[in-house]
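Contents: one structure, followed by commentary.
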Amino acid sequence: MAMHRFEGAHIGEGEFTPEVLDWIARENWWNLWVPESFGGLGMSLPEGLETLRSLARLDGSLGWTVTLCSGANYFIGNLEGDVAKGIFMGSKAPVCFGGSGGVFGTADREGDTYVVSGTWKYATGAPYLTHFTLNARVRENGTDVIREDGTPLVRSFVLGRKDVEIIRDWNTMGLRATATHSFAVRAKRVHGRYSFSYDELYRSDPIFKIPFGVFADLTLWVNYIGMAEHFWEEARKVAGRNDFVDRLQRAVSDADGECSGHGERIWHLVSKAEGIPEAYAREIHQNATDSVGLLAEAVVKGYPMLGIRAATMGHPLNRVFRDFFTATQHHIFSPLGRRGHR
């Protein structure tokens with residue numbers, strides 16, 4: 001990866017500059033998981049995880065944004081062939097999906113179309129997106145459609161940038177350049193072909209056979225590892241070698257080894273067309289949750305030993321600290337899942 005031009009630069013202090021966005025586009029990182037036949041990099045899971053970890057080590061906002069947006073482009077596997085071709089091969093500009101995983105709106109079904117309305121929170125990279133993805137409750141005649149198990153039917157949709165209103169409400173202490181704003185859709189009619197479900201696949205590539213929950217766990221986990229590794233590197237510059245620095249290094253190394261091991265095993269299973277047992281998927285999620293807790297604990301315990309520089313705005317230690325602990329507020333590895341951890 002051609003990162004040398006930006007080493008040490010404050011990539012994520014504000015929204016990404018045109019230079020940074022051009023760099024991402026040239027490296028084709030939005031399309032980590034998109035097949036080469038659609039203009040993507042078509043990376044294997046281990047290759048992609050290593051790329052995302054390296055980006056997060058360089059800058060938290062960079063890693064997080066590329067992870068979430070390339071993870072949204074991953075939905076190419078859930079789109080009908082003609083729709084996928086029209087979007088990914090019919091655009092001169094780099095295609096960048098992103099959106100919200102929350103069910104914050106409705107989709108009124110009318111024949112082959114849906115009228116989508118609502119306001120969705122937390123669309124990572126909102127100003128950089130060409131397409132927005134969202135989840136909505138399906139309704140008919142103003143009433144929720146109920147599935148056989150008694151729960152409301154939810155469908156996912158992809159809309160063009162022009163159909164969405166960005167609400168600039170991202171005002172956090174860290175991950176500033178992720179620009180994770182809310183967005184609204186006002187009664188937009190969408191053809192059913194631009195609706196999709198996570199468990200409906202139109203491509204047979206191994207990468208798309210990974211359950212989305214497992215894919216999300218692993219791709220986000222490497223971000224925490226990359227940011228913690230960056231914190232360790234900066235702490236070593238300030239404090240030299242001491243017990244705290246050594247403990248943090250071990251925590252990062254252990255997390256990296258564990259995550260990489262899962263990535264290799266998952267890739268082996270899907271490459272051999274073998275399924276991912278639910279018990280193994282739960283194990284990965286618990287391992288990731290515990291690992292992020294250990295990394296956070298290691299960073300917090302050592303932070304008071306790093307002096308006023310670690311509390312100074314603009315210093316790398318301070319920036320990485322703010323990015324890391326903003327990332328810990330994502331629900332995926334909620335502390336509620338770590339109650340048994342000591």
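For the numbers below, each heavy atom of this structure counts, side chains included, while hydrogens, waters and symmetry mates do not.
Here the side chain of N223 pairs a donor or acceptor atom with the backbone of W64 at under 3.5 angstrom. Between the side chain of D59 and the backbone N or O of L55 there is no donor-acceptor pair closer than 3.5 Å. Y74 places no side-chain N or O within 3.5 Å of a backbone atom of F215 that could act as its donor or acceptor partner. For D217 (side chain) and A288 (main-chain N/O), no donor-acceptor pair under 3.5 Å exists by modelled atom type. Side chain of D149 to main chain of T151: a donor-acceptor pair is present (N/O by atom type, distance under 3.5 Å, no hydrogens or angles). T312 places no side-chain N or O within 3.5 Å of a backbone atom of H315 that could act as its donor or acceptor partner. Counting only distance, with no hydrogens or angles, the side chain of T65 and the backbone of S61 share a donor-acceptor pair below 3.5 Å. Using modelled atom types, one side-chain atom of E47 and one backbone atom of S44 make a donor-acceptor pair closer than 3.5 Å. Between the side chain of D144 and the backbone N or O of P152 there is no donor-acceptor pair closer than 3.5 Å. Side-chain atoms of W232 do not come within 3.5 Å of backbone N or O of V299 as any donor-acceptor pair.
F38 pairs by the ring pair (Phe, Tyr, Trp, His ring centres under 6.0 Å) definition with nothing, not counting sequence neighbours. Scored by the salt bridge (Lys or Arg N to Asp or Glu O under 4.0 Å) test, R309 finds no partners at all (sequence neighbours excluded). Residues passing the side-chain contact (heavy atoms from CB on, under 4.5 Å) test with R282 are E278, A279, sequence neighbours excluded. In this structure K162 satisfies the side-chain contact (heavy atoms from CB on, under 4.5 Å) test with no other residue, sequence neighbours excluded. In this structure, E36 has no salt bridge (Lys or Arg N to Asp or Glu O under 4.0 Å) partners at least two apart in sequence or on a different chain. Here I166 pairs with A126, F132, R161, R168, H181 under the side-chain contact (heavy atoms from CB on, under 4.5 Å) rule; sequence neighbours left out. Here F325 pairs with F321 under the ring pair (Phe, Tyr, Trp, His ring centres under 6.0 Å) rule; sequence neighbours left out. In this view, W221 satisfies the ring pair (Phe, Tyr, Trp, His ring centres under 6.0 Å) rule with no residue, not counting sequence neighbours.
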Given I207 and I210, is the side-chain contact (heavy atoms from CB on, under 4.5 Å) satisfied, shown in steps? CA-CA 6 Å; I207 194 70; I210 302 171; 3.8 Å; yes

Might you work through the side-chain contact (heavy atoms from CB on, under 4.5 Å) test for V214 and I266, ending with a clear yes or no? CA-CA 9 Å; V214 172; I266 288 293; 4.1 Å; yes

Step by step, would you call N171 with R176 a side-chain contact (heavy atoms from CB on, under 4.5 Å)? CA-CA 8 Å; N171 188 30; R176 301 288 295 168; 3.4 Å; yes

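For the atom pair H230 NE2 and F324 CZ, the distance stands at 13.5 Å (nearest 0.5 Å). Taking CD from E165 and CZ from F183, the interatomic distance works out to 11.5 Å, rounded to the nearest 0.5 Å.
E15 places a side-chain heavy atom less than 4.5 Å from the side chain of P127. Contact of the R137 side chain with the L153 side chain is not registered, since no non-hydrogen atoms from C-beta on lie closer than 4.5 Å. Residues L220 and L68 have side chains in contact (heavy-atom distance under 4.5 Å, counting atoms from C-beta outward).
For residues 146-180, the set of pairs meeting the ring pair (Phe, Tyr, Trp, His ring centres under 6.0 Å) definition, not counting sequence neighbours, comprises Y114-F157.
Under a 4.5 Å side-chain heavy-atom criterion applied to ILVMFWY residues, the cluster that includes V154 comprises V103 as well.
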Compile the donor-acceptor pairs under 3.5 Å between side chains in residues 247-260 and protein atoms, sequence neighbours left out, one pair per line.
residue	atom	partner	partner atom	Å
S260	OG	D256	O	2.8

Side-chain donor-acceptor contacts of residues 82-92 below 3.5 Å, not counting sequence neighbours, with atom names and distances?
residue	atom	partner	partner atom	Å
S91	OG	A93	N	3.3
S91	OG	A93	O	2.9

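Between L306 and A235, the closest heavy-atom pair is CD2-CB, 4.0 Å.
Under a 4.0 Å N-O distance rule, the pair R155/E200 qualifies as a salt bridge. Taking 4.0 Å as the cut-off between side-chain N and carboxylate O, E233 and R236 do not count as a salt-bridged pair.
Checking F208, Y202, Y198, F97 one by one against F75, the ring-ring contact (aromatic ring centres under 6.0 Å, His included) holds for a single residue, Y198.
Using a 4.5 Å cut-off between side-chain heavy atoms of Ile, Leu, Val, Met, Phe, Trp and Tyr, with links allowed through other members, Y128 and I167 fall into different hydrophobic clusters.
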